Amino acid sequence: MLAAKRYRAGERSDFHRSTIYTEGRSTRRSRDARAMARRTGYGRSFAASQWASAEFDALCRLVELGVPVPYPVQVLGTELLMEFVGTGRVAAPRLAETRLRGPELRPMLEQLTDAMHRLAGAGLAHGDLSPYNLLVDGDRLVIIDLPQLVDVISNPSGMDLLHRDCVNVCTWFTRHGLECDAEELFAELVGVLAW
């Protein structure tokens, strides 16, 4: 079984602050860039296909880096097919939906910090990391929702987004009984960044 994710081309956008993620990226044709800036029908449709392609590319790259993400299968227009994460027909729950507390969370935090170190080692940050973008598949943590994957070096907001990822996850783990220092994690990740 595969999971399908479709990006909408309508007025409502899941990335209402998308420019913060796309700084440092370029669009090949100026016509496409103008259409997206003007939010024409074509521009919205093109932007949706760009997000799908960006997520597919991110998943391919992260699989090569050994980051726990769903295996990408194909992208066609605004639809992305990838590995279904779960058991049978039941999707794995998001970390935020689990009842794990305190020491039970340690393996999840260890897997997450390892994944964040792998990302930073490649000069990358998730950009929108939270317990809602992490699936718990048995004893395995899987990172999802990656179209906004950020190159920390080329994106002017890259370091801020990396720091926000650290704060988001450490705040959640601490609130759920497992101490996590966001500033310490951020310092570790900056130390392994690929400059």
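Bear in mind the structure is a predicted one, so any value in this text is a computation, not a measurement. Side chains included, hydrogens not; waters and symmetry mates left out as well; all remaining heavy atoms used.
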In terms of hydrophobic clusters joined by side-chain contacts under 4.5 Å, are L146 and V63 together? yes
Inter-residue atom distance L95.CG - L135.CG, 0.5 Å rounding: 9.5 Å
Which atoms form the tightest heavy-atom contact between L124 and D151, and what is the distance? CD2-CA, 4.0 Å
Evaluate side chain to side chain contact (heavy atoms under 4.5 Å, CB included) for D160 paired with R164, printing each intermediate quantity in order. CA-CA 6 Å; D160 293 335; R164 185 176 73 182; over 6 Å; no
CZ/R6: more than 12 non-hydrogen atoms of other groups inside 6.0 Å: no
Side chains of E184 and C170: does their closest heavy-atom pair fall under 4.5 Å? no
At what distance, to the nearest 0.5 angstrom, does CG of L134 lie from CG of L141? 5.0 Å
Donor-acceptor contact below 3.5 Å, side chain T171 vs main chain N168: no
For R106, does the CZ atom sit with more than 12 other heavy atoms under 6.0 Å from it, leaving out its own atoms? no
Sub-4.5 Å side-chain heavy-atom contact between H117 and L189: yes
Electrostatic pair R118-D114, nearest N-O below 4.0 angstrom: yes
Shortest non-hydrogen contact from L193 toward G123: CD2-CA, 4.0 Å
When you compare the side chain of V152 with that of L161, does any pair of heavy atoms fall below 4.5 Å? no
Heavy-atom pair with the smallest gap, counting every atom of V150 and G158: CG1-CA, 4.0 Å
Checking Q111 side chain against D139 main chain: does a donor-acceptor pair fall under 3.5 Å? yes
Residue pair L178, M108: steps toward the side chain to side chain contact (heavy atoms under 4.5 Å, CB included) verdict: CA-CA 11 Å; L178 184 62; M108 296 299 129; over 6 Å; no
Option passing side chain to side chain contact (heavy atoms under 4.5 Å, CB included) with V136 (candidates T98, V85, L105): T98
Check L81 against A4 and note the closest heavy-atom contact, atom names and distance. CD2-CB, 3.6 Å
E97 side chain near Y132 side chain, heavy-atom distance below 4.5 Å: no
Is L2 atom CG crowded by more than 12 heavy atoms from other residues, nucleotides or ligands, each under 6.0 Å away? yes
Heavy-atom pair with the smallest gap, counting every atom of M1 and G88: CE-O, 3.0 Å
Report the distance from atom OH of Y7 to atom CD of Q50, rounding to the nearest 0.5 Å. 12.0 Å
Hey, what do you get for CD (Q74) to CE (M82), rounding to the nearest 0.5 Å? 11.5 Å
Walk me through whether F186 and M159 qualify under side chain to side chain contact (heavy atoms under 4.5 Å, CB included). CA-CA 9 Å; F186 179 64; M159 292 298 274; 4.0 Å; yes
Can you tell me if H126 uses its side chain to pair, donor with acceptor, with the backbone of I144 under 3.5 Å? yes
Would you give the length of the straight line joining atom CG of D128 to atom CG of L149, rounded to the nearest 0.5 angstrom? 11.5 Å
Using side chain to side chain contact (heavy atoms under 4.5 Å, CB included), reason through L119 and L162 one step at a time and then give a plain yes or no. CA-CA 10 Å; L119 285 168; L162 178 62; over 6 Å; no
Measure the shortest side-chain to side-chain distance between C180 and L109 over non-hydrogen atoms and say whether it is less than 4.5 angstrom. yes
Mind listing the closest non-hydrogen atom pair of R61 and A122 along with its distance? NH2-O, 3.6 Å
